[in-house]
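Below: one structure, written as structure tokens.
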Protein chains: 2
Amino acid sequence: MNSRRPFFALAVALFCCALNTSHELAAQATAPLPIMPLPASAVPGDGEFLIDGHFGVALEGYKEPRLERAQTRFLGTLSRETGILFAYHSAETQPHFVIRTKGPSAAVQQVGEDESYSLKVSADGVELSAANPLGTMHGLQTFLQLVRVTPRGFTVPVVTIEDKPRFPWRGLMTDAGRHFIPVPVIERDLDGMEAVKMNVFHWHLSEDQGFRVESKVFPLLQQKGSDGMYYTQEEIRHVIEYARDRGIRVVPEFDMPGHAGAWFVGYPDLASGKGPYHIERHWGIFDPAMDPTRESTYQFLNLLIGEMTALFPDAYFHVGGDECNGKEWDRNPRIQEFMKAHQLKDNAALQAYFSGRVQKLVAAHHKIMEGWDEVLQPETPKDVVIQSWRGRESLLEAAKRGYRGLLSNGYYIDLNEAAEKHYLVDPLEGIADKLTPEQAASVLGGEATIWSEFVTPETIDSRIWPRTAAIAERLWSPQNVRDVDSMYERMAVISQKLQYYGLQYQAAEEVMLERMSGDSNPEALRVLASVVQPPKGYDREGLHEYSSLESLNHMVDAVPPESETARSFGLICKKIAAGKATPEEVQQAHDWLVLWRDNDAKLQPRLAHSDITAELVPVSHSLNTVAAIGLHALDALGKSESVSAEQHKTDLDAVKAAEKPQAVLLLKVAPSVELLVNATKVQ
Amino acid sequence: MNSRRPFFALAVALFCCALNTSHELAAQATAPLPIMPLPASAVPGDGEFLIDGHFGVALEGYKEPRLERAQTRFLGTLSRETGILFAYHSAETQPHFVIRTKGPSAAVQQVGEDESYSLKVSADGVELSAANPLGTMHGLQTFLQLVRVTPRGFTVPVVTIEDKPRFPWRGLMTDAGRHFIPVPVIERDLDGMEAVKMNVFHWHLSEDQGFRVESKVFPLLQQKGSDGMYYTQEEIRHVIEYARDRGIRVVPEFDMPGHAGAWFVGYPDLASGKGPYHIERHWGIFDPAMDPTRESTYQFLNLLIGEMTALFPDAYFHVGGDECNGKEWDRNPRIQEFMKAHQLKDNAALQAYFSGRVQKLVAAHHKIMEGWDEVLQPETPKDVVIQSWRGRESLLEAAKRGYRGLLSNGYYIDLNEAAEKHYLVDPLEGIADKLTPEQAASVLGGEATIWSEFVTPETIDSRIWPRTAAIAERLWSPQNVRDVDSMYERMAVISQKLQYYGLQYQAAEEVMLERMSGDSNPEALRVLASVVQPPKGYDREGLHEYSSLESLNHMVDAVPPESETARSFGLICKKIAAGKATPEEVQQAHDWLVLWRDNDAKLQPRLAHSDITAELVPVSHSLNTVAAIGLHALDALGKSESVSAEQHKTDLDAVKAAEKPQAVLLLKVAPSVELLVNATKVQ
């Protein structure tokens, strides 16, 4: 059998078979609809609404071109979801889907605008109503997620949904500094954000490794600091328009005074050191930092911030402020003198001085400053928004002192953690009871962050999706929506749907496996790919020396951050170890173990043909070893036989050895086999 | 085992393992390089050129922006092929790939321009030289096709290639009239054309079912005749520029006097009947035709041709002229009177009169008229180019009478024929010896044609690719390049590569299977999909009543026109029947038959869940039956046992029944099982 995405298949099959009988209808009434994020309220009814070639949408009430484009886009997505070519039917269509929008939203989208909507699906028609286009667009996405194929055709179940978000700020931060992310990729990810009702695209635009925006005032920024890879101002305007069309704000970030090495290649006078400066080719925290002591620095920043605040209409402007190590400051006698003269006792104080000056520039350009934890200092003005990469304690402190804040700690999707880990991080958990309701409301929401050391335009989609849907649900749905199993089931459905919305990560994985093997049907390689994962957290950097010149075209780059097969196998193994597995589950575990054990013989002869797959020789061998041990354990458990203490130790040692990273990969089924081995009786 | 694209895997694996040893080197010298079309001359050498992050390209000699864009595009494709991010290395790169272009090509690409190039790959570097950018661009594509993964990394084998096309006109006609094909799809297909060195995009822009170009002079053409689906003039200009960047001419076709029903919705006075007219929703030949007798018709056409010849810079202008049934003319007394008055003895004569008038209009706008066979009449001016949908006899007649011609008969890729069938059609075969060399040279080449009754933007790529590569080879490579096995082996490699060039047909098939089943891992459905094919020729229309409103989202739409699995199985069965199969081949046939036999039990419970898969119930059952019979036959052959005459007849009847179309599908492995059954001894 082919082991790709079995859990997805299961979940989708469950959903698609639902509603076939009245018995299943009753079951369905208690199971959540396969929507992410789950709505605030959904009351299912009887029956279903049929989507066929005569389906049409009518806009009533307030109208604007953006709504018409949303309608067109909605029909396009529905067409990809169903294969029905609605446009050819335009003349013959009688709209059964009526949209009523009361009025406009703000000309520039604001934090906290009404995003609520009401969606009523009956067997005869659909009514969607909202206060403004933001709610309308969210409601359209909910409808698209409800479409499924049935024996009658494509239908949506009868349901009444009243929905609104829990937090007003639900963001995705994309780091275009370390690896450049071209506009078509940004567009895809904005499409994905729209699908899961996220509303802030935080665009990290400058780094030690690249300055990514065209500046007309200081053109050497992009000319010398980007390897030719930057967004033109026209492209920026296009992305802002594209995002606005999807109910998404665009907040730019220009990181300073640290993480700014690429600025100094063109403008070394901005820096605190002697230079010469170059585009950084490694990852980490580096010494170059802006010189906070010279007036010319602020004159430069005033002009640049003026140019960039004119380009980006959003009310917020992010100035970074994270991880400045201060070493260039320590080494510069002039800066040391300045600190003495101004009674700045340490580098934190110097950075606070810098932040204060920058905040005044940002405010002078009529924007609200946003920054990472470090910008919160004793004198920081109260309207500054604090984005916490450090944790909820920072948010708590900020809120108590009257600042608004956002959580990103726990939402670092570049670290390849399981979706459930992010899912269970709540911005208010553990701090809500220490805040007044007003203070709690100053926690605006959160942002998933995709730092791009280890992502490229090819792999970024699979690093963001589908796991970001779990964070989107955390920030939109009621606080008590926390059932991990339900989340995974629904995420499987959404993951499939995201293909119709334009995301291509599943196809990209296949192309990468074909490329690395030179094989157009790399079956055995797929089996291996289905059970390995990238290492978590910052482990990858310790396992291999990486630079920005490294090709990210290896197995670790191709596979998703979370192996669905390994997760499903793990759930079954837990049940088996607890003596609670069904015979079907035991059989499934057995079939997988046989597949994995036998895979090595098929795969090994091929691995040496490519320098990219050669590193997988020990990984494939480990899978064989672990699977064979798993089969013995399963056999012993089935027969209630015991194994010798010696055998037990040998097996356990082998499995534990296989749990260590090889070829920068984790063999994710090994810990589950360890469960089986530990469940067997030892003589 | 998973049966997807096994032959592809085999071919690619063969290629990728080549050159590893000197023994293999020797073998490789005789096997053709995996290039399509095969070059006029290729002399392999020893060793290989390594592509790593330091790879760079230098342009020498003549330069123009188009060449710089070609260079950028080349590096982008190479980056997708290898996963190496070349742009980040720009500062550190020392170009080992030198391009020397002598001079410019014509400002508007002409028929018969020099397209030759010379490509020399050594272990140390690459030299590409050409007379003009057309040859340069072809050479870059050849290089991309040579890239493969090896134990050393991505390399290109040492080789010296001298190449030029056999025919100057190598086209793809795309029918955007019956189903609208959006610009991004056109772009993808132009990318594919560039990859296989085709140089004419013939754009069929008007039909009974749609008028697809924005006319500013006669806006009701698109406003009433397109369901809102048409190309703006800005989009047309973009496509022309996009094509020119790839060495491709764009020839527009406005079909008249028949196949023009959509024009009449907005301008009924153009027509010969009383109307009212509507956009046609069915397929076939319809009565509406332009009125050739009124001067107002020519006044209209003069203005429209003036507008369109200004929009399309190519020297040629296609006016269709096919399949006018004349029924509206027969029914119109005024037209009948006109024919008498002008001594036009029949409708052919009337159409000849019309064509003559139109030709003068086209010529007055400084364009050369092109038309289908029907425009060749006694008085037709000698510069008119005849495109033959009828066959080589038309070409022969045209050439003898001094006309230039193109072959499309035999290249109708919408008819779902095997690639080899198209491949073996040579424009000059059987007629060359009846022509002087000068007359033979008037056969300019040919065009693959994708008529769009049964294609949508989603499925068109799989209908065009990879089979069109076989036609591209026929038109480019030397006449004696006709080895079908070699063609299929190389086409498998190119098919995989086309993914890196942006074509997505393999991913599209997977998405369609998931959609029709509602299953994100439709394993058993994939097995069925791998052995069925659409019916050939015009059979599909007879098997189901289709209209343009029909959703093309069924199995027949998802699967490729040619099943690679069935083709491979067929080759093995032929060998088995002839007693020439190896034990490995017999084992492969056996494994497949077991997979197919057992698939039905897995698939049947799922088929009823969707109204799109429900029709597959009998097809899956037939596969089970046929596979079981095949296994018995294989068993009997292996043991040299004989079967009873009764059993033989029962089996044969069952297999033959399974060869008949079901659910508008051919079970393509059934005829091969019939071979096995017929090979067994009968008592």
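Order of the sequence lines fixes the chain letters, A, B, ..., with proteins taken first and strands second; residue numbering starts at 1 for each chain. Given the structure is predicted, the values throughout are model-derived calculations rather than measurements.
When all heavy atoms are compared, the tightest approach of Q496(A) to S520(B) is OE1-CB, 3.7 Å. The minimum heavy-atom distance between R515(A) and V149(B), with the atom names listed, is O-CG1, 3.9 Å. Taking all atoms of both residues into account, the shortest heavy-atom contact from A608(A) to P151(B) is O-CG, 3.4 Å. When every heavy atom of S551(A) is checked against every heavy atom of G83(B), the shortest pair comes out as CB-O, 3.7 Å.
Rounded to the nearest 0.5 Å, atoms CD (E564(B)) and CG (N521(A)) are 11.5 Å apart. Between the CD1 atom in I84(B) and the CG atom in L552(A) there is a gap of 11.5 Å [rounded to 0.5 Å]. Taking CG from D52(A) and CG from L549(B), the interatomic distance works out to 11.0 Å, rounded to the nearest 0.5 Å. Separation of atoms CD (E81(A)) and CG (N553(B)) is listed at 12.5 Å; rounding is to 0.5 Å.
Only the side chain of Y500(A) comes within contact range of chain B, with at least one heavy atom under 4.5 Å from a heavy atom of that chain. Residue S610(A) touches chain B through both its backbone and its side chain, counting heavy-atom pairs closer than 4.5 Å. Residue H554(A) does not touch chain B at all, counting heavy-atom pairs closer than 4.5 Å. Neither the backbone nor the side chain of T613(A) comes within contact range of chain B; no heavy atoms are under 4.5 Å apart. If you measure heavy-atom distances from A614(A) to chain B, you find no contacts under 4.5 Å at all.
Side chains of E510(B) and Q506(A): a donor-acceptor N/O pair is absent below 3.5 angstrom, by distance only. If you check the side chains of Q504(B) and Q504(A), you find no donor sitting under 3.5 Å from an acceptor.
Heavy-atom pairs under 4.5 Å with chain A were tallied for S79(B), S226(B), G153(B); the largest tally goes to G153(B). For the set E458(A), M512(A), R80(A), the entry with the most heavy-atom pairs within less than 4.5 Å of chain B is R80(A).
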